[in-house]
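Read through the structure below, which is laid out as structure tokens, and then see the notes.
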Amino acid sequence: MNSDALRKFLDGSPWMASLTLAQAERVQRETLVRSFETGAMVCARGTPSAHWVGVVHGMLKVETITAGGKSASFIGVPSGAWVGEGAVIKGELRPYDVVAIRDSVVAFMPRATFQWLMQDSHPFSAWLIGQLNARLGHFIAMVQSLRLNNTKAQVAYCLASLFNPDLYPGTTRQLDISQEEIGRLSGVSRQIANRALHEMQDAGILRIGYGSIEVLDLAALQEIAGGA
DNA sequence: ACATTAACGATGA
DNA sequence: TCATCGTTAATGT
């Protein structure tokens with residue numbers, strides 16, 4: 001495909017800068033790129049974890065679907081982010097589905113490349129520990145948000161994490177995401193997500209667009225998410 | 001109380 | 001034309 005877009009994406013990945021030239025070249029050479037339309041399955045639950053997954057453009061989500069057909073979304077993955085390292089490290093089958101919630105371009109780093117990088121590059125391993133630690137913190141904060149029993153806080157936390165520059169350095173102020181998906185990721189219905197978004201828009205915290213959200217005051221968002 | 005599902009029309013791309 | 005949004009009504013916990 002377009003190796004230019006891939007190169008640009010890889011160069012923007014925070015761990016890339018600390019690699020040697022030879023390491024960077026191997027990553028560039030062995031990483032694949034594929035496009036997905038909205039709703040398409042990127043990785044299916046139960047299949048081998050053959051790749052580490054990076055979002056070049058668009059947005060993915062991680063979810064499971066129960067036997068009854070209900071889905072539970074766990075995390076949104078905006079462009080610039082990588083996901084799925086847990087299953088790759090463990091060598092297990094994919095525990096969850098990864099689905100595109102926007103038309104997306106996705107990078108696939110083969111498991112062998114990933115493991116070699118982990119062995120060969122101390123800075124990469126260090127970055128990876130930070131990544132896993134950040135994700136752990138994310139889920140702990142999510143439990144806290146759930147404990148508050150406050151749907152507005154859940155929606156705020158969902159957005160605050162998607163727009164968190166520490167978690168997702170590539171993220172901009174504005175994200176293309178529907179209210180339907182915000183609801184799914186927040187664990188509330190679309191109607192409640194809609195109401196919470198309007199309350200926050202009225203408070204000047206964000207701006208609602210058609211299929212998009214622009215955050216104006218990330219600090220205020222985090223304040224609500226933390227239980228104000 | 002407050003969230004959910006269902007349903008409807010309106011509207012943006 | 002289709003996805004998305006804004007809203008209301010009925011229902012559930």
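This is a predicted model, so every value here is computed, not measured. Reminder, nothing fancy here: chain letters follow the sequence lines and each chain counts from 1.
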Legend entry - Test applied, side chain to side chain contact (heavy atoms under 4.5 Å, CB included); reference residue, A:I205; option that passes from A:I224, A:L216, A:V215: A:I224
Let me know the distance between [atom1] of [X] and [atom2] of [N], rounded to the nearest Å.
X      : N     : atom1 : atom2 : result
A:E37  : C:dC2 : CD    : C1'   : 14 Å
A:D176 : C:dT4 : CG    : C1'   : 13 Å
A:I208 : C:dA3 : CD1   : P     : 21 Å
A:Q179 : C:dG6 : CD    : C1'   : 8 Å

Give one of base, sugar-phosphate or nothing for [X], where a contact means two heavy atoms less than 4.0 Å apart.
X      : result
A:S189 : base
A:R195 : sugar-phosphate
A:T38  : nothing

Legend entry - Short side-chain N/O contact to C:dG6 OP1/OP2 from A:N194, under 4.0 Å: yes
Inset, instruction - Decide if the gap between the ring center of A:Y157 and the ring center of A:H138 is smaller than 6.0 angstrom. - result: yes
Legend entry - Validation row, ring centre A:W52 to ring centre A:F124 under 6.0 Å: yes
Legend entry - More than 12 heavy atoms from other groups under 6.0 Å of CG on A:N149: no
Inset, instruction - Mark yes when over 12 heavy atoms from residues, nucleotides or ligands other than A:H57 sit less than 6.0 Å from its NE2; otherwise mark no. - result: no
Legend entry - Nearest-nucleotide pick for A:Q191, side chain only, options being C:dG6, C:dT4, C:dT7: C:dT7
Inset, instruction - Classify the side-chain pair A:D103/A:T38 by whether it contains a donor and acceptor separated by less than 3.5 Å. - result: yes
Legend entry - First and last nucleotide of DNA chain B, 5' to 3', lying under 4.0 Å from heavy atoms of chain A: B:dA3 to B:dA13
